[in-house]
Amino acid sequence: MQRIDLIPQHFRQGAERMAQAFRDLDQVIVAAHVNPDGDAAGAVAAAGHVLRSMGKEFMLYAQPGLPAYLDFFPMPGVVHTTLEHPPFKPRCAVLLDCGEPERLGRELAARLPELVTINIDHHLGGDGMGSAANWVDPTAAATAQLMAYVALAAELPLTGDLATAIALGIITDTGGFCHGNTSADVLYLTAHMVEHGCDIALLRERLENTWSRGRLTLWGQLLQRASLERRGSVCFCPVHLEDLRKCGALKEDLEGFVEQLRRLRGVHVAAVLREDSPNCCKFSLRSYGSIDVRAAAARLGGGGHRNAAGGTLRADMAVASAQLLAAIAEELDAEGVA
């Protein structure tokens, strides 16, 4: 089988177009959104592998760096946390898993006007922010899935660290193949990588068996605090900065917590609101099936996917909590959910 045949027909044109766009780049910053998750990190790594195969000069960039739980993950280069002293004068950028310049962080966003940019993303909400080329496809489960097709169009085999990068993104954004975006295309792609040596079980073990004592303590306290709202259809949990301090936990220790709240019987929407500063809170929303939490997030200036969304509220915890619960209630009312 030729590698191009591994790309589903409806992704093929975009993959070939982006592979050609990569060939036109050099001196490239490869970056995703701030506070990168597994899909962002996996997509950045995959893009680095593609650029390396083409003999391009590139640097990986992440703000404020990769989370500690990804310490094991093999990146194809040093991950820079600042652009103050780049290894070359950047001329181009590949922007991944992100649709708005501000989500890249102030430092990189300020440099975009002087760079030739390519944007690959799978989030709803826009046509892309690339100046040279864009591929925004919400039918993909993960940006790493799209990068797999770019790699195949560039005639790279999905093996070794490249396959691990793609698998990391897919596992992250499908919830370990549990979310509704776990399509036949996702399973076919993953099966191909497993057939050629990708160890999914080992990857999940390294992702899941790395809890700190602080994370365990934090989750225990928050599970007791979580409240049921709107007659049990919404599970809500506020997280204060003081909670992290007392438990000896980090912000990244909340990764996956909102999904646990969604498991409660009768809950349609799970919501976590994390205090970032006295007047800034970040929210994460999760739902099942047809319940569109992206629409609720959009009411507050956020975004994401139908069943997983988030955003930022410039308000204190009390005000932000009221705003978030009101937006969720409005969306559930609009969808006719009791």
Going through the distances and angles, do Leu207 and Phe73 end up as a side chain to side chain contact (heavy atoms under 4.5 Å, CB included)? CA-CA 9 Å; Leu207 282 170; Phe73 179 62; over 6 Å; no
Set out, in order, the CA-CA distance, both residues' side-chain angles and the distance that settles side chain to side chain donor-acceptor pair (under 3.5 Å) for Ser290 and Glu335, then state yes or no. CA-CA 9 Å; Ser290 63; Glu335 297 190 23; 4.7 Å; no
Criterion side chain to side chain contact (heavy atoms under 4.5 Å, CB included) on Leu108 and Gln63, from CA distance to verdict: CA-CA 9 Å; Leu108 179 53; Gln63 265 291 331; over 6 Å; no
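Ion pair Asp333/Arg230 flagged as a salt bridge, since at least one NZ, NE, NH1 or NH2 atom sits closer than 4.0 Å to an Asp/Glu carboxylate oxygen. Under a 4.0 Å N-O distance rule, the pair Arg262/Glu259 does not qualify as a salt bridge.
One N or O on the side chain of Asp39 and one on the backbone of Thr143 form a donor-acceptor pair closer than 3.5 Å. When atom types are taken as modelled, the side chain of Arg12 and the backbone of Ile7 share a donor-acceptor pair closer than 3.5 angstrom. Looking at His122, its side chain does come within 3.5 Å of a backbone N or O of Ala140 through a donor-acceptor pair. Remark: the backbone N or O of Leu250 is paired with a side-chain donor or acceptor of Asp253 at under 3.5 angstrom. In terms of modelled atom types and a separation under 3.5 Å, the side chain of Arg52 and the main chain of Pro76 share a donor-acceptor contact. Listed for the Arg213 side chain is no donor-acceptor partner under 3.5 Å among the backbone atoms of Gly248. A donor-acceptor contact shorter than 3.5 Å links the side chain of Ser131 to the backbone of Thr117. Under the 3.5 Å distance criterion, the side-chain polar atoms of Asp121 are left unmatched by any main-chain donor or acceptor of Val136.
Ring orientation note: the planes of His123 and His305 are close to parallel, at an angle under 30° on the 30°/60° scale.
The ring pair (Phe, Tyr, Trp, His ring centres under 6.0 Å) test applied to His33 returns no partner, not counting sequence neighbours. Partners of His49 according to the ring pair (Phe, Tyr, Trp, His ring centres under 6.0 Å) rule, which considers only residues two or more places apart in sequence or in another chain, do not exist here.
Within a 6.0 Å radius of CZ in Arg314, no more than 12 heavy atoms belonging to other residues, nucleotides or ligands are found. Within 6.0 Å of CD on Glu330 lie more than 12 heavy atoms contributed by other residues, nucleotides or ligands. Within a 6.0 Å sphere centred on CD of Gln20, other residues, nucleotides and ligands contribute more than 12 heavy atoms. Enclosure of atom CG in Asn209 by more than 12 non-hydrogen atoms of other residues, nucleotides or ligands within 6.0 angstrom is indicated. By the neighbour-count criterion of 12 heavy atoms within 6.0 Å, atom CZ of Arg106 is sparsely surrounded, having that number or fewer from other residues, nucleotides or ligands.
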